[in-house]
Amino acid sequence: MLKELAILAQLIQSYALTGKLQKGKQLHAHLLTSTGISSTFIANHLLNMYAKCGDLTHALSMFDHMPKRNLITWTAMITGFSHNARFLDSVLTFSNMCAAGIQPTQFAFSSAVQATTSLRSLAFGRQLHSLSLKLGYHAELFVGSNLADMYSKCGSLDVACRIFEEIPEKDEVSWTAMIDGYAKNGDFHEALMAFRNFLDNENLVADQHVFCSALSACAGLKAGKLGQSIHASVVKSGSSAESAVSNSLTDMYSKAGDMESAVTVVNTFPNGWNVVSCSSLIDGYVEMDHIEEAINTYAESKRQGLYPNEFTFSSLIKACANDAALDQGTQLHAQVIKTSFILDSFVCAVLVDMYGKCGLLFSSSQIFEEIENPTDITWNSKINVLAQHGCGKEAIEAFDQMVARHNKPNHVTFVSLLMACSHSGLVEQGLQLFGSMNTAFGVEPRDEHYSCVIDMLGRAGRLEEAEIFIGKMPSEPNAYAWCSLLGACRTHGRKELGELAAEKLMRLEPENSGSHVLLSTIYAGVGQWEDVKAVRRLMKDSGRKKLPGLSWIEVEKKTHVFGAEDWSHPRKDEIYKKMEELLMRIRGEGYVPYTAAVVSKVEESEKERLLRHHSERIAVAFALISLPAGKPIIVKKNLRVCVDCHSAMKLIAKVERRVIIVRDSARFHHFQDGNCSCRDYW
DNA sequence: ATAGGGTTAG
């Protein structure tokens, strides 16, 4: 009899391992009709079979009706729930098991800790941790690795590290938990150090999981060279056929900007492209502003029969946001509604951003209002949009709501908030928020937060405080910080401090012409034309060119680009005529060219001519002759709109009765009825 | 009889 049971158990187990649910069910039915088999032993096997095959309904019904449950019964149920994404049930079953007086073993701990990891529940995780300490399982290989994984995924890397250290015999899984934990928390250097330490263990061999984690750290650092050397190890180890590894490789090369290698990796996939690596490629192209290639890659992926997912849509919508391509963005919006990807937080965030970047603040808020459960990701997007539109008060209100609804702000949230305060002149509120970051929200201020405060103080003319603040930065002040200070010096005519900032900036970013341009405008502002010339000469001699001003506009789903004095467009004659007409009409409204905006010593008439044909003016003239009547005009510009164009735009909007939205490198301008949404130009 | 880690986004 005992032997028969063993054979029966073996049969059930083979069904469980090979996923043969139907066979298992038949056997179960047969056992129910035949007499006498009601042992817990066989019932456990059947329950486990159902759980492994994903049929939780039957597993649970067996569990509920079992006359006697033992350690194995409970553990199989905990594992069954955990493997079928019913994480809360898994944890609750663990708790019920303890309440029923059955002491869990490392098996039950392992599954329950995994469930809390998926729930991202530090509270549950900590309870399991302390219980495992009491029972002495915390440093056991499986439990220890799972605990380390749980803490690192919940953001507590220091605790994860401590637990990891206590595991006497760490294996590949324990190391992966740590390497990936650092990478996912943005500490890529630490991740790669851990990877290096891992490689020093002679008895351990890097497998696909380890490689994936190490490669994602390289991706985060855009470290193409290091990634390439890991690529070589991947090939040597024979893991390169594994799809997750190839996807990590594709993403690493894409993020490092090495699209050629990324494409090569993708084209060597044995089973053709897949949606993950394809989305990485598209995002790589979008990041480097190669929209054509991004769209071509998307088209190719569809030809290959792939369906876009939430990642693909996210990148494509981001491209529309970058280009202020509202029509294409709206079309993608419709597609994500149809495909239900609208339920994804990232997709919502990027839609909120897209409408915001197209200047449609109302549509942006509407999208946000329609989100059922806003997450920290979507809140950040909303706050950032408000910040970019100069709505400081509203941004702080949104932040208060976010906190009230128990969403945890992170470092991204505070960058947006501080920028909002800076643009709206809310200096006291900004300083207060900066002060509360660490104390009230546990977010350590980073360089970018210091830079925002410097920018904020600078704009408000509090340059002494800004200078003191720059000295307080935890690490060496970066280019952004000096750039903020330099910009403020230009606005407030502070020559000496400006010279200091420019000098620092030129040393930090010699290839950036912005510092030279800013410094020359400071000199021009105080009439030191010799110095203006000297800086210009320095720029020319070192081969640094001023970034040309460009403007983009979408017409009939195609983006057109214009430069200043750019008459290469096929409809140039009509555009020129329209510009002359506009100039006459706005003169009638009192427009006077603001020639002081031209930073060079030339004749007044020449200055006027230089101003008249700035790229944004050409783009608007083109829009007026090609867009349907009444359609808002949305222009993106890579530099700042000049003061002269700013006042001209107000009047063009008035005489043409059009809404004109210009997004320049610093902010939005919403021109309507002779006014602009921004309170002060700078 | 019951247990683990990995790939793309704001």
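Only heavy atoms go into these numbers, but all of them, side chains included; no hydrogens, no water, no symmetry mates. In what follows, chains are A, B, ... by sequence order, proteins preceding strands, each numbered from 1.
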Check your understanding: Should the ring pair F198(A) and F195(A) be called parallel, tilted or perpendicular, given that the plane angle runs from 0 to 90° and is split at 30 and 60?
Key -> parallel

Review point. Do the ring planes of F399(A) and F441(A) sit parallel (below 30°), tilted (30 to 60°) or perpendicular (above 60°)?
Key: perpendicular

Check side chain to side chain contact (heavy atoms under 4.5 Å, CB included) between [X] and all other residues, then give those that pass, not counting sequence neighbours.
X	answer
S364(A)	V352(A), Y355(A), V385(A)
V415(A)	M419(A), E448(A), H449(A), C452(A)
Q127(A)	none
V113(A)	T116(A), T117(A), L128(A), N146(A), L147(A), M150(A)

Review point. Do side-chain atoms of E172(A) reach the backbone of V205(A) as a donor and acceptor pair under 3.5 angstrom?
Key: yes

Point to revise | Side-chain (S246(A)) to main-chain (S240(A)) donor-acceptor, under 3.5 angstrom | key: yes

Which is true for [X] with a 4.0 Å heavy-atom rule: it touches a base, it touches only sugar-phosphate, or it touches nothing?
X	answer
N384(A)	nothing
V412(A)	nothing
N44(A)	base
E140(A)	base
A349(A)	nothing
D207(A)	base
Q114(A)	sugar-phosphate
Q106(A)	base
V245(A)	base
V352(A)	nothing

Check your understanding: Can you check side chain to side chain donor-acceptor pair (under 3.5 Å) on D171(A) and S174(A), steps first, answer last?
Key -> CA-CA 5 Å; D171(A) 68 358; S174(A) 340; 2.8 Å; yes

Proximity to DNA chain B (any heavy atom under 4.0 Å), residues of [range] only:
range	result
residues 255-264 of chain A	K255(A)
residues 373-383 of chain A	D376(A), I377(A), N380(A)
residues 78-99 of chain A	T79(A), H83(A)

Check your understanding: Does any pair with a residue in residues 84-94 of chain A pass side-chain hydrogen bond (donor to acceptor under 3.5 Å, both in side chains), and if so which ones, sequence neighbours excluded?
Key -> R86(A)-D89(A)

Point to revise | Inter- and intrachain pairs under side-chain hydrogen bond (donor to acceptor under 3.5 Å, both in side chains), touching residues 343-354 of chain A, at least two apart | key: S345(A)-T375(A), D353(A)-K357(A)

Do any side-chain atoms of residues 64-74 of chain A form donor-acceptor pairs under 3.5 angstrom with protein atoms, and if so which ones, sequence neighbours left out?
{"unit_1": "H65(A)", "atom_1": "ND1", "unit_2": "S61(A)", "atom_2": "O", "d": "2.7"}
{"unit_1": "R69(A)", "atom_1": "NE", "unit_2": "F63(A)", "atom_2": "O", "d": "3.0"}
{"unit_1": "R69(A)", "atom_1": "NH2", "unit_2": "F63(A)", "atom_2": "O", "d": "3.1"}
{"unit_1": "N70(A)", "atom_1": "OD1", "unit_2": "N44(A)", "atom_2": "ND2", "d": "3.0"}
{"unit_1": "N70(A)", "atom_1": "OD1", "unit_2": "I72(A)", "atom_2": "N", "d": "3.0"}
{"unit_1": "N70(A)", "atom_1": "OD1", "unit_2": "T73(A)", "atom_2": "N", "d": "3.0"}
{"unit_1": "N70(A)", "atom_1": "OD1", "unit_2": "T73(A)", "atom_2": "OG1", "d": "2.8"}
{"unit_1": "T73(A)", "atom_1": "OG1", "unit_2": "N44(A)", "atom_2": "OD1", "d": "2.7"}
{"unit_1": "T73(A)", "atom_1": "OG1", "unit_2": "N70(A)", "atom_2": "N", "d": "2.8"}
{"unit_1": "T73(A)", "atom_1": "OG1", "unit_2": "N70(A)", "atom_2": "O", "d": "3.3"}

Check your understanding: Taking 5' to 3' order, which nucleotide of DNA chain B is first and which is last to have an atom within less than 4.0 Å of a heavy atom in chain A?
Key -> dA1(B) to dG10(B)

Point to revise | Any residue meeting ring pair (Phe, Tyr, Trp, His ring centres under 6.0 Å) with F211(A), in chain and number order, not counting sequence neighbours | key: none

Check your understanding: If every non-hydrogen atom of H138(A) is compared with every non-hydrogen atom of E166(A), which pair is closest and at what distance?
Key -> CD2-OE1, 3.4 Å

